[in-house]
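Input: a single structure, listed below in structure tokens.
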Amino acid sequence: MPNWTAAAAMLVAVLFFNLLFTPSFFHVAIRDGRLFGSLIDILNRAVPVGLLSLGMTLVIATGGVDLSVGAVMAISGTVAAGLIARPPETPFAGGKSVPALAIPAALLAAMGCGLFNGILVAILDFQPIIATLLLMVAGRGVAQLLANGQIVTFSEPSFAAIARGATAMLPNPVWLLAITFVLFSLATRATALGLFVEATGSNPSAANLVGINARAVKIAVYTLCALCGGLAGIVITGDIQAADANNSGLYMELDAILAVSVGGTALAGGRFSLVGSIVGALLMQALTTTILTRGVSPEITLVLKAAVVVTVCLLQAPAFRDSISRYLPKKVPA
Amino acid sequence: MTSILELKGIGKRFPGVVALDGVDFDLRAGEVHALMGENGAGKSTLIKTMTGVYEPTAGHILVEGNPISFRSPDEAVRHGVSTVYQEVNLVPNLSVMENILLGREPKGPFGIKWRGVKERAEKAVRRLGLDVDVRTPLGSLSIAVQQLVAIARALDVSARVLVLDEPTSSLDAGEVEALFEVVRRLRDEGMGIIFVSHFLDQVYAISDRITVLRNGQKVGTWMAKDLLKIELVSQMIGRDASALVRTESIAQAASSGEAIISAKSVGRRGSVSDVSFEIKPGETLGFAGLLGSGRTEVLRLIYGIDHSDSGTLIFDGKSVSKVRPRDSIHRGIGFLSEDRKAEGIFPELSIRENMLILYQVKQGWFRRIPLLKQKQLAKDLAEKLKVQPPDVERSIQQLSGGNQQKALLARWLAVEPRLLLLDEPTRGIDVGAKFEIMSLVESLRQSGSSFVFVSSELSEVVKTCTQVVVMRDRKAVGTLVGADITEESIVEAIAS
């Protein structure tokens with residue numbers, strides 16, 4: 001039984017609740033050659049957290065954590081928007097609008113941030129929570145400097161299409177998440193990278209003794225995590241056609257950490273599950289969407305989310321499962 | 001002289017284990033009494049019963065002739081029995097005076113009377129001849145001074161018995177002498193001191209009497225000046241009547257070919273010094289010596305976990321420096337740590353992954369071993385080493401200690417190292433697994449592999465090694481080859 005069974009069961013429960021009590025929740029319509037409906041909406045809106053959770057999964061599996069991805073989203077969004085809009089009084093002022101360069105430049109900037117985190121953690125031996133807290137705080141400052149304190153707006157249909165367009169009936173962000181998920185799965189499970197990540201998180205001293213280059217592994221996962229932050233930043237920026245250094249991706253790193261832990265990856269490191277993290281991200285979004293469509297006030301959303309996270313985490317814990325299984329009827333062996 | 005602490009017929013059982021069996025022990029006022037024994041002989045259990053950590057299951061304790069049962073360490077302290085443990089058990093970020101009086105600060109109507117704390121701490125520190133500002137944070141002082149502060153803390157209550165459990169293991173020679181001066185002064189003041197150490201020379205330097213334990217029983221008590229070192233070592237080790245004789249093939253193993261690795265007076269400050277040896281294909285080199293004599297440290301230097309700072313290590317005729325474990329693996333050297341849990345297994349991973357991770361590391365991260373091949377390899381290894389149960393997809397945590405050890409050995413066998421460093425490979429595992437591991441090592445040696453073997457069990461060293469380097473007090477003190485390797489000759493070299 002994979003570790004994400006509890007999260008998947010909870011997701012099914014939330015959907016089942018809607019099947020019974022929320023009219024037309026499962027209604028999917030085709031308009032302008034693309035699908036619309038609450039389910040599609042959940043998929044689409046889960047994308048930024050889903051992207052973040054993929055990278056976060058690997059970082060957490062090494063026994064670390066990355067608090068800076070929200071800020072990395074802001075930086076990547078600002079770089080992209082800056083290269084398109086060329087706002088005056090910023091480092092991007094002057095020059096031609098280069099939408100084609102926006103995405104690679106934004107991703108490079110994000111990976112630079114990840115490299116910085118990785119070097120702090122792997123080479124300078126910072127505690128991951130402190131190392132990434134630095135960029136969590138300073139990163140938004142950097143983004144604001146790049147934008148000169150403004151919200152950089154632009155109008156560039158080709159860029160906005162990343163977030164707003166659709167391909168083969170499904171919104172583009174959903175495809176982006178799906179492709180990233182497949183690439184991450186291949187990179188970790190078709191090579192031995194996943195095993196090395198798990199070994200590093202499971203027992204760092206033993207990993208050193210079997211010759212795993214833990215530094216390289218850590219730098220790689222922090223860089224990949226920031227790359228995910230960069231992708232998420234592009235999606236959010238494309239969606240609103242603006243880069244808001246103050247609010248883009250604010251607290252989203254926390255949602256990603258929740259999605260990962262709900263998805264069955266232990267925060268202490270070791271075994272990880274990318275599928276579980278995606279299930280976790282979908283669960284969080286399904287909850288939010290359910291609560292919103294039922295007209296419950298948004299303040300309650302957060303409390304309810306917390307309750308669900310606690311339940312899922314308890315269901316994952318072997319000690320808790322043992323203690324409740326005592327009250328359940330014993331299975332009689334056939 | 002009168003006994004201030006007397007133990008009569010002390011027994012201690014744990015579920016399934018008899019740790020102490022009818023041990024008598026007495027401590028006189030004004031003596032230093034050394035408690036000796038190999039690992040697992042029952043020294044620490046005995047100390048824990050006399051300091052109130054354990055309650056004995058048989059026998060009784062007399063303090064100055066009065067029977068007393070300690071129900072907690074605190075109660076022992078109130079009866080004048082204080083203990084200083086091997087690791088400094090203090091709070092590094094509190095000051096010296098806070099540490100000395102932690103939990104028993106003089107209190108007034110407004111809380112702790114800091115002036116009283118300072119005065120009492122200064123008195124306690126001065127008694128040891130220690131010149132230190134008691135307001136300094138403990139962590140900023142050297143380990144030796146911290147050790148003395150721990151003693152000052154133990155003496156602050158009017159202790160009549162002081163138990164020093166391996167107090168010198170992290171001290172250098174000068175610091176040890178300073179500590180001994182304090183111990184002698186306390187002894188002359190009439191205190192009874194129990195001294196536990198693995199360093200024979202130190203035991204002889206400070207002790208008046210020596211009591212030896214073996215397998216939970218008392219072997220005897222001697223005046224230190226009447227007991228030769230070699231007698232002490234034999235008493236500690238005992239004679240294993242069932243010890244097998246060395247096989248002919250080992251005694252006559254002829255070393256041929258170029259040395260895989262040779263060390264010329266290799267050392268590392270604060271760890272080991274002056275270690276020389278040479279290993280050729282088809283040889284098993286043993287490091288013999290008491291626990292703490294520096295055997296493990298040598299293996300860690302060879303494998304590259306620690307780096308030597310004196311002497312030269314020559315690998316395949318080339319002098320190497322700053323090796324890392326990764327480099328050693330690529331040179332065909334392996335290392336099986338004595339600490340399975342902390343440095344061996346990956347608890348979250350399966351038996352298969354635990355066995356094949358090294359093979360995968362050697363392949364590089366990009367060339368993943370296909371799952372089917374992994375399963376086949378793991379199955380073969382599990383069969384070869386008789387891992388029970390043989391289902392390699394289970395978590396390694398579900399295996400017994402002996403089977404975990406086999407899985408870790410399999411990890412190395414999968415990459416066929418030329419030289420495998422085995423640190424206490426048979427410790428804490430059952431007799432069957434022990435035998436299987438030792439036979440496997442011997443058959444691999446005969447087919448040309450080399451081993452370095454560290455074990456506390458001399459009979460194992462004698463049975464498997466083609467040459468033995470004897471370690472004492474973190475130095476190599478002799479090398480035995482071929483027919484010269486007997487338990488007696490090793491004991492003699494340890495004690496000489």
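Hydrogens, waters and symmetry mates are skipped; everything else that's a heavy atom, side chains included, is used. Please read these numbers as outputs of a predicted model, since none were measured by experiment. Chain A is the first sequence line, chain B the second, and so forth, proteins listed ahead of strands; every chain is numbered from 1.
Put simply, CZ on A/Phe126 and CG on A/Leu133 are 11.5 Å apart, with the number rounded to the nearest 0.5 Å. With rounding to the nearest 0.5 Å, the separation of OG in B/Ser450 from CD1 in B/Ile260 is 3.5 Å. Rounding to the nearest 0.5 Å gives a distance of 8.0 Å between OG of B/Ser319 and CG of B/Leu313. Once rounded to the nearest 0.5 Å, the distance linking CG of A/Leu11 with CD1 of A/Ile278 reads 12.0 Å.
Using a 4.5 Å cut-off on side-chain heavy atoms (C-beta onward), B/Phe453 and B/Met438 make contact.
Contact tally against chain B (heavy-atom pairs below 4.5 Å) for A/Leu195, A/Leu193, A/Leu209: the top residue is A/Leu209. The greatest number of non-hydrogen atom pairs below 4.5 Å with chain A, out of B/Leu371, B/Leu349, B/Ile329, is found for B/Leu349. Interface remark: of the candidates A/Gly201, A/Ala199, A/Gly270, A/Ala187, A/Ala199 forms the most heavy-atom pairs closer than 4.5 Å to chain B.
The contact between A/Ala207 and chain B is made by backbone and side chain atoms together, counting heavy-atom distances below 4.5 Å. Heavy atoms of B/Ile345 lying under 4.5 Å from chain A belong exclusively to its backbone. Both the backbone and the side chain of B/Phe346 come within contact range of chain A, with heavy atoms under 4.5 Å apart.
Heavy-atom neighbours of A/Ile129 CD1 from other residues, nucleotides or ligands within 6.0 Å: at or below the threshold of 12. Heavy-atom neighbours of A/Leu124 CG from other residues, nucleotides or ligands within 6.0 Å: above the threshold of 12.
Contacts of A/Ala226 classified as side chain to side chain contact (heavy atoms under 4.5 Å, CB included), with partners at least two apart in sequence or in another chain: A/Val72.
Taking all atoms of both residues into account, the shortest heavy-atom contact from B/Leu385 to B/Ala410 is CD1-CB, 3.2 Å.
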To see if you've got the definition right, give the donor-acceptor pairs under 3.5 angstrom between chain B and chain A.
| unit_1 | atom_1 | unit_2 | atom_2 | d |
| --- | --- | --- | --- | --- |
| B/Tyr303 | OH | A/Leu209 | O | 2.4 |
| B/Lys341 | O | A/Asn203 | ND2 | 3.3 |
| B/Ala342 | O | A/Asn203 | ND2 | 3.2 |
| B/Ile345 | O | A/Asn203 | ND2 | 2.9 |
| B/Glu348 | OE1 | A/Ser202 | OG | 2.5 |
| B/Glu353 | OE1 | A/Arg271 | NH1 | 3.4 |
| B/Glu353 | OE1 | A/Arg271 | NH2 | 2.5 |
| B/Glu353 | OE2 | A/Arg271 | NH1 | 3.3 |
| B/Trp365 | O | A/Ala192 | N | 2.8 |
| B/Arg368 | NE | A/Arg189 | O | 3.0 |

